[in-house]
Amino acid sequence: MRTLTARRTAAVALTAAASVVALAGPAFAHVTVNPGSAAQGGYTAVDFRVPNESDTASTVKLEVNLPLDHPLASVRTLPLPGWSAAVEKSKLDKPIKVHGSDVTEAVSKITWTADAGTKIAPGQFQEFRLSLGPLPTDADSMEFKALQTYDNGDVVRWIDESKDGQPEPAHPAPVLKLTKAAAGDGHGVTASPAAGAHGDSSDHAAAAAGDGKSSDDTARTLGVIGIVVGVIGTAVGVLGLRRRNSGSAS
């Protein structure tokens, strides 16, 4: 009877550990913007990080929609070997003023399509870089709805809005947080200006921010592993104690 109880306890613990892993896994598999923040009014370089979530299919296309409620006058793609980028522009209902000139159209969508023989295979990810600016000064975030297409025809729509105080949706849209520009910055340019437009320092700043994101992901992963190991250790300890008590009783 004690042996049966111990086995049940161990099974419950292992099931709990598996649940922790299952719940933690999807949090690391979203399409995201990296770094996740930039200064209002400035220019920045960002990567759209796209993990392949399927075990059997590969990602062959990414569509990123840029918000036209806060249009960006300058949007440039960084060439990526094996991928072709198509840029679409839309007419603005109301022109915006940039550096004293009227801008009447802005980039509304960018589509990256894999060339023959190129793909994001299971267990892999890819980053698609853009330079953006000037960022709006009257918003605290920008949402970029994205569509991820697999070679089996499946399309994952990363378009759900994340709201403070509510559980994260299944497929949240990538979000770039906007912060107040540093005091004394007359041009409103961020610490990571647009690649190729404002100097090479953008690569270093963006890389540093990306390293911070990677460190955060690593910490979360290690935390999950620690929880799993702790649960399994507890189960093993209970099983050993049951066996010891059973031996003492005999």
Side-chain angles (χ1 to χ4, degrees), residues 27-28 30-51 62-80 85 87 89-90 92 96-99 101 103 105-110 112 125-146 158-164 168 172-220:
F28 304 139
H30 296 339
V31 173
T32 56
V33 180
N34 297 281
S37 64
Q40 295 176 343
Y43 292 80
T44 191
V46 299
D47 293 313
F48 285 89
R49 186 173 299 165
V50 182
L62 173 69
E63 301 171 63
V64 174
N65 293 277
L66 283 70
L68 289 181
D69 56 342
H70 291 97
L72 299 170
S74 175
V75 178
R76 300 178 183 178
T77 62
L78 182 70
L80 180 63
V87 178
K89 293 185 177 181
S90 296
L92 299 178
I96 59 174
K97 189 80 74 175
V98 179
H99 303 307
S101 301
V103 176
E105 64 177 12
V107 174
S108 55
K109 183 168 74 170
I110 299 178
W112 285 272
F125 75 94
Q126 183 59 266
E127 292 182 334
F128 302 84
R129 173 162 284 208
L130 291 180
S131 68
L132 307 170
L135 300 173
T137 57
D138 58 348
D140 56 12
S141 66
M142 296 186 72
E143 184 179 81
F144 301 87
K145 295 183 178 182
W158 301 95
I159 63 173
D160 297 338
E161 181 181 358
S162 298
K163 297 182 178 180
D164 293 338
E168 185 178 60
V175 173
L176 177 66
K177 299 291 185 181
L178 301 179
T179 60
K180 296 293 184 181
D185 188 352
H187 299 286
V189 179
T190 69
S192 55
H198 296 275
D200 295 336
S201 61
S202 61
D203 291 335
H204 300 292
D211 290 343
K213 172 67 176 177
S214 299
S215 299
D216 181 62
D217 286 348
T218 300
R220 293 171 63 187

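Quick caveat, the model's predicted, so the values are computed rather than measured.
- When all heavy atoms are compared, the tightest approach of Arg129 to Trp112 is O-CZ2, 4.2 Å.
- Here the shortest heavy-atom pairing between Ala146 and Ile159 reads O-CG2, 4.1 Å.
- In this view, Glu105 and Lys89 satisfy the side chain to side chain contact (heavy atoms under 4.5 Å, CB included) rule, not counting sequence neighbours.
- With sequence neighbours excluded, the residues satisfying side chain to side chain contact (heavy atoms under 4.5 Å, CB included) with Lys163 are Glu161, Gln166.
- The side-chain heavy atoms of Met142 and Leu72, taken from C-beta on, include a pair separated by under 4.5 Å.
- The structure places CG of Leu130 at 10.5 Å from OG of Ser74, a figure rounded to the nearest 0.5 Å.
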Solution key, residues 63-70 side-chain donor-acceptor pairs under 3.5 Å, sequence neighbours excluded:
residue	atom	partner	partner atom	Å
Glu63	OE1	Lys109	NZ	3.4
Asn65	ND2	Lys145	O	3.3
His70	NE2	Asp138	OD1	3.3

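- Separating the CD atom in Glu143 from the CG atom in Asp160 is a distance of 9.0 Å, to the nearest 0.5 Å.
- Ser162 approaches Pro172 most closely through the heavy-atom pair OG-CB, 3.5 Å.
- Shown here for Ala39 and Leu135, the closest heavy-atom pair between the two residues is O-CD1, 3.4 Å.
- Across Pro35 and Leu176, no two heavy atoms sit closer than the pair O-CD1, 3.6 Å.
- In this structure Thr137 satisfies the side-chain hydrogen bond (donor to acceptor under 3.5 Å, both in side chains) test with no other residue, sequence neighbours excluded.
- For Thr77, there are no side-chain hydrogen bond (donor to acceptor under 3.5 Å, both in side chains) partners, not counting sequence neighbours.
- Residues satisfying the ring-ring contact (aromatic ring centres under 6.0 Å, His included) test with Phe48, not counting sequence neighbours, are Phe144.
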